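Reading through the C-alpha cells given below for one structure.
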Amino acid sequence: MMAWSVILAVVALCLQPILAASSSGCGKAPTLTSPNAYSLTINGKSRQYFVKFPANYNQTHPYKLIFTFHALGGTASQVVAGTGGYLPWYGLPALDTGNTGIYIAPNGLNNGWANPNGDDLALTDAIIKTVEADLCIDQAHRYSTGFSYGAGMSYSIACSRAKDFRAVAVLSGAVLSGCTGGNDPIAYYGQHGVSDNVLPIAGDRTMRDRFVKNNGCTSQSPPEPAAGSGTHIKTQYSGCKSGYPVTWVAFDGDHTPQPKDKGQSTTFAANETWAFFSQFKQE
Ligand SMILES: *[C@@H]1O[C@H](CO)[C@@H](O)[C@H](O)[C@H]1NC(C)=O
Ligand SMILES: *[C@@H]1O[C@H](CO)[C@@H](O)[C@H](O)[C@H]1NC(C)=O
C-alpha cells in the first residue's frame with residue numbers, strides 16, 4: 001500500500017508540469033474584478049496589487065499572467081494609469097490585440113523592490129496563488145517585466161523562480177532585489193541605454209551573461225550603438241537551448257523606460273518586449 005502510494009505520488013509529481021497548465025480558477029466565475037486593486041498580508045505587512053483582465057474574460061480560457069513592476073519612487077497606480085513616464089502596464093495590453101494576457105501591477109514597499117528577507121518574492125508567489133485560484137491562467141505562461149528597480153525585481157524572479165515563469169524582460173536594470181539561486185535557464189530579454197547615468201550598462205551586461213550561460217547560448221559581445229546615433233541594436237543570441245532564447249537590446253540613450261529611436265514618436269521597448277513574450281505559443 002505504502003509503496004504504491006509513494007509511486008503514485010512520484011508519477012503525479014512528474015506529470016505536474018503538464019497537468020498544472022490550467023490554474024484552479026479555470027471554469028469558475030471570478031470574484032476579482034478588473035481593473036481593480038487588492039491587498040494581501042506578507043510577513044505581517046499589508047501589500048497592494050492591481051489586476052487587469054479583458055472585458056470579454058472567458059473563464060474557461062487559460063490566459064498568460066504578466067507582472068509589471070514599477071521603478072524606484074514609482075507606484076503601481078502609475079503603471080496602471082500610464083503616468084510618471086510609464087505606458088499603461090508598460091504598453092503591453094495595447095499590443096496584446098488577441099487579449100491573451102491578465103496583467104498584474106504590484107506596489108513595492110517604500111516605492112521599491114529591496115526584497116528584504118525575500119518579501120517581494122513572497123508577494124509575487126502570493127499574488128500568483130490568489131489570482132490563479134480565481135482566474136483562469138496558463139501556468140506555463142507567466143511573465144515579468146519592469147524598468148530600473150522593476151527590472152531588478154524581474155531579474156530576481158529570473159534567478160529564483162525560473163521554473164515558474166516563462167520569460168522576463170529586464171529594462172535598464174541592476175542587481176537590486178538580489179539573485180538567490182540564479183542557476184536555472186529562463187527566456188531572457190535585456191535592454192539598456194549605452195549612456196545610462198543611473199545604472200551603468202555594464203551591470204546589465206553581466207546579468208544578461210548569467211542567462212546566456214544558463215540557457216546554453218553561445219557567448220558573445222553584442223554590438224552596441226554609438227552615443228548620438230539615435231538607434232538601438234537588437235541581438236538574438238544563437239546556440240541557446242530550445243525554448244530559452246536570450247535577446248539583448250542596447251540603445252543610444254540614458255535611463256528611461258521608453259527609449260525612442262531618432263525620428264520615432266513611439267518607444268520600441270513595449271514592441272520588443274511584446275515580441276519577445278508573444279513568441280512563446282500556448283498549447
Ligand atoms: C472560451 O475559451 C474556450 C477555451 O479556450 C474556448 O473553447 C471557447 O470557445 C471560448 N469561448 C468564447 C465565447 O470565446
Ligand atoms: C510599436 O507598435 C505599434 C503598434 O503596432 C506601432 O504603431 C508603433 O509604430 C510601433 N513602434 C515602434 C517604435 O516600433
Side-chain angles (χ1 to χ4, degrees), residues 16-17 20 23-25 32 37-51 64-76 79 89-90 101-135 137-190 199 203-204 206-208 210-211 214-215 244 273 277:
Q16 215 171 24
S23 73
S24 64
L32 298 173
Y38 294 93
S39 294
L40 283 167
T41 302
I42 304 295
N43 296 337
K45 297 182 197 92
S46 174
R47 306 294 303 266
Q48 282 74 43
Y49 67 98
F50 288 78
V51 59
K64 300 169 184 172
L65 186 68
I66 303 172
F67 282 80
T68 56
F69 290 95
H70 64 73
L72 179 64
T75 63
V79 171
W89 310 85
Y90 281 88
I102 289 179
Y103 293 84
I104 304 292
N107 238 343
L109 293 172
N110 304 315
N111 304 100
W113 303 102
N115 193 25
N117 307 310
D119 274 11
D120 293 327
L121 284 170
L123 170 66
T124 306
D125 295 341
I127 292 172
I128 289 173
K129 198 170 164 213
T130 304
V131 169
E132 294 191 1
D134 201 69
L135 299 173
I137 301 296
D138 183 340
Q139 297 177 312
H141 285 269
R142 302 188 189 106
Y143 301 85
S144 180
T145 190
F147 163 69
S148 199
Y149 223 147
M153 188 58 205
S154 295
Y155 183 74
S156 186
I157 285 172
C159 290
S160 305
R161 298 289 184 270
K163 292 188 169 80
D164 298 333
F165 280 74
R166 188 69 192 80
V168 295
V170 172
L171 313 179
S172 301
V175 186
L176 301 167
S177 313
C179 176
T180 303
N183 298 312
D184 292 324
I186 181 171
Y188 190 93
Y189 174 94
L199 302 173
D204 227 340
T206 305
M207 292 156 72
R208 170 201 71 202
R210 173 183 284 277
F211 291 95
N214 291 358
N215 296 5
Y244 297 99
T273 300
F277 286 176

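Throughout, numbering of the chain's residues begins at 1 and tracks the sequence. Please read all numbers here as calculations on a predicted model, not as lab measurements.
Counting heavy-atom neighbours within 6.0 Å of K129 NZ, excluding the residue itself, gives a total of 12 or less.
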For Y38 and T130, run side chain to side chain contact (heavy atoms under 4.5 Å, CB included): C-alpha distance rounded to whole Å, both residues' side-chain angles, the deciding distance at 0.1 Å, then the answer.
CA-CA 10 Å; Y38 294 93; T130 304; over 6 Å; no
Steps toward side chain to side chain contact (heavy atoms under 4.5 Å, CB included) verdict (T124, D164):
CA-CA 11 Å; T124 306; D164 298 333; over 6 Å; no
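Using a 30° and 60° split on the angle between ring planes, W113 and F69 fall in the perpendicular class, above 60°.
Counting only residues at least two apart or in different chains, ring pair (Phe, Tyr, Trp, His ring centres under 6.0 Å) contacts with residues 157-179 comprise F67-F165.
For the salt bridge (Lys or Arg N to Asp or Glu O under 4.0 Å) test with D184, the passing option among K163, R210, R161 is K163; the others fail.
Note that the CD atom of E132 and the CD1 atom of I128 stand 6.0 Å from one another [nearest 0.5 Å]. Atoms SG and CG, on C159 and L121 in that order, are 9.5 Å from each other to the nearest 0.5 Å. To the nearest 0.5 angstrom, R47 atom CZ is 8.0 Å from N107 atom CG. Distance check, rounded to the nearest 0.5 Å: CD1 of I127 to CD1 of I42 gives 7.5 Å.
Between Y155 and F211, the gap from one ring centroid to the other is short of 6.0 Å.
With S144 contributing its side chain and S154 its backbone, the two residues share no donor-acceptor pair below 3.5 Å.
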